[in-house]
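I have placed the structure first, in the form of structure tokens, so that the comments after it can refer back to it.
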Amino acid sequence: MIDLHYWTMPNGHKVTMFLEETGLPYNIVPVNLVQNDQFKPGFLEIAPNNKIPAIVDHDPIGGGAPISIFESGAILHYLADKTGQLLPTDIRGRTEAMQWLFWQVAGIGPMPGQLIFFLRNNEKFDFAIDRYRNETARLFGVLNKRLESREWLAGDTYSIADFAAYGWSAPYNLFGIDVDEYPALERWLEAIASRPAMERAYAIAKDMNPNAPQPVRRAARKAAKEAA
Ligand SMILES: N[C@@H](CCC(=O)N[C@@H](CS)C(=O)NCC(=O)O)C(=O)O
């Protein structure tokens with residue numbers, strides 16, 4: 001059994017998405033960030049960087065003592081190895097998936113995260129807001145370009161790279177992004193959002209935290225645009 005130390009945030013959704021997609025049994029351990037649970041000593045032993053997600057696998061690959069892992073990219077990679085799913089096995093496909101996974105963790109995560117921080121800050125720093133808004137839009141453009149010529153980020157195969165990028169692309173509305181300007185990205189967002197595993201992952205978030213943002217689906221977006 002896997003314990004998933006989780007809160008209802010983009011980096012957490014990446015892992016529930018994977019677990020729901022593969023059916024690997026897991027147990028959620030809530031780490032309520034609003035109540036600063038991420039600084040509790042028990043959590044820090046698993047996740048020394050005081051951020052969700054983290055997992056403890058009590059039945060690890062190769063047996064032996066439980067393995068604990070923090071950093072969403074490392075968790076997805078481990079789970080893909082464990083299940084033999086959602087990561088291409090050939091070297092080219094695997095390398096495609098891994099580079100887009102690293103790209104997400106380093107870029108389209110921290111940049112929109114900083115944008116939200118500065119947008120919500122009482123004191124407004126226009127320079128910082130512009131910097132992170134432009135960088136976020138640039139990264140959405142990179143994603144769109146990549147998806148113009150292939151179905152999924154790693155090519156023909158749905159992979160952990162898609163989960164990672166989806167977690168931070170789905171709340172595009174919070175970053176002032178109009179996805180109608182990024183048609184390939186919009187097609188990919190809708191394809192992922194309509195997967196039953198994805199719907200289950202976001203339903204779990206809503207059950208735990210009714211304020212957790214949910215993906216805005218194509219039909220709802222179009223209806224809102226028409227009503228405006
Ligand atoms: N690079 C980390 C980022 C994790 C992260 O930023 N988690 C946020 C929630 S989305 C968090 O736990 N923040 C709590 C804090 O900063 O105190 C990963 O990909 O796992």
Side-chain angles (χ1 to χ4, degrees), residues 2-21 24 26 28-57 67-82 86-87 97-121 128 132 135-136 139-140 142-143 153-154 159-175 177 192 198 201-202 204-216:
I2 288 173
D3 286 337
L4 167 61
H5 296 254
Y6 167 84
W7 192 241
T8 58
M9 304 286 282
N11 289 310
H13 301 328
K14 297 173 190 173
V15 186
T16 48
M17 283 164 64
F18 184 100
L19 293 165
E20 288 297 328
E21 193 75 43
L24 210 54
Y26 70 105
I28 289 189
V29 183
V31 181
N32 189 326
L33 300 184
V34 183
Q35 295 171 3
N36 283 333
D37 285 356
Q38 72 272 33
F39 298 109
K40 289 187 174 165
F43 180 63
L44 291 174
E45 274 178 31
I46 300 163
N49 195 36
N50 64 264
K51 291 183 192 290
I52 63 99
I55 64 166
V56 179
D57 184 358
I67 291 183
S68 67
I69 310 168
F70 67 101
E71 281 293 326
S72 60
I75 294 169
L76 289 172
H77 187 208
Y78 173 84
L79 292 175
D81 263 356
K82 182 180 171 90
L86 296 160
L87 184 61
M98 291 308 287
Q99 68 188 341
W100 285 94
L101 178 67
F102 276 72
W103 172 82
Q104 180 284 312
V105 172
I108 199 160
M111 296 301 128
Q114 293 297 329
L115 173 61
I116 292 293
F117 174 85
F118 282 106
L119 284 173
R120 293 185 179 164
N121 201 45
Y132 291 117
E135 192 57 7
T136 299
L139 291 163
F140 272 79
V142 172
L143 198 49
L153 282 173
S159 79
I160 55 175
D162 297 292
F163 293 1
Y166 182 82
W168 277 97
S169 313
Y172 60 84
N173 51 318
L174 303 181
F175 315 138
I177 295 283
I192 299 180
M198 188 64 53
Y202 279 84
I204 289 166
K206 196 168 188 179
D207 266 4
M208 281 177 70
N209 174 11
N211 298 321
Q214 294 286 313
V216 181

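For clarity, every value in this text was computed on a predicted model and none was experimentally measured. Numbering of ligands and ligand atoms starts at 1, following listing order.
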Which bit of Gln38 is near ligand 1, meaning a heavy atom under 4.0 Å away: side chain, backbone, both or neither?
side chain
Between Leu33 and ligand 1, which residue portion shows a heavy-atom distance shorter than 4.0 Å: side chain, backbone, both, or neither?
side chain
Within the 4.0 Å heavy-atom cut-off, what Glu71 brings close to ligand 1 is both
Would you mind checking which non-hydrogen protein atom is closest to atom 3 (C) of ligand 1, with the distance to 0.1 Å?
Asn11 ND2, 3.6 Å
His13 and side-chain hydrogen bond (donor to acceptor under 3.5 Å, both in side chains): which single residue from Tyr166, Tyr6, Tyr202, Trp168 fits?
Tyr6
Asn50 heavy atoms within 4.0 Å reach ligand 1 at atoms 14 (C), 15 (C), 17 (O)
For Glu71 and Tyr78, does a side-chain donor sit closer than 3.5 Å to a side-chain acceptor?
no
Below 4.0 Å from ligand 1: does a non-hydrogen atom of Pro53 turn up there or not?
yes
Please round to the nearest 0.5 Å and tell me the distance separating atom CG of Asp81 and atom CG of Leu86.
12.0 Å
Ligand 1 to Trp168 polar contact by distance, N or O atoms, under 3.5 Å:
no
Heavy-atom neighbours of Gln99 CD exceed 12 at 6.0 Å
yes
For atom CZ of Phe102, is the number of surrounding heavy atoms from other residues, nucleotides or ligands below 6.0 Å larger than 12?
no
For Ile52, is at least one N or O under 3.5 Å away from an N or O on ligand 1?
yes
Can you tell me which residue and heavy atom of the protein come closest to atom 19 (O) of ligand 1, and the distance to 0.1 Å?
Ser72 OG, 2.6 Å
Taking Thr8 as the fixed residue, which of Asp207, Thr16, Asn209, Asn32 is the one that meets the side-chain hydrogen bond (donor to acceptor under 3.5 Å, both in side chains) rule?
Asn209
Give the residue, atom name and distance (to 0.1 Å) of the protein heavy atom nearest atom 16 (O) of ligand 1.
Lys51 NZ, 2.6 Å
Would the Phe118 and Tyr132 ring centres measure less than 6.0 Å apart?
yes
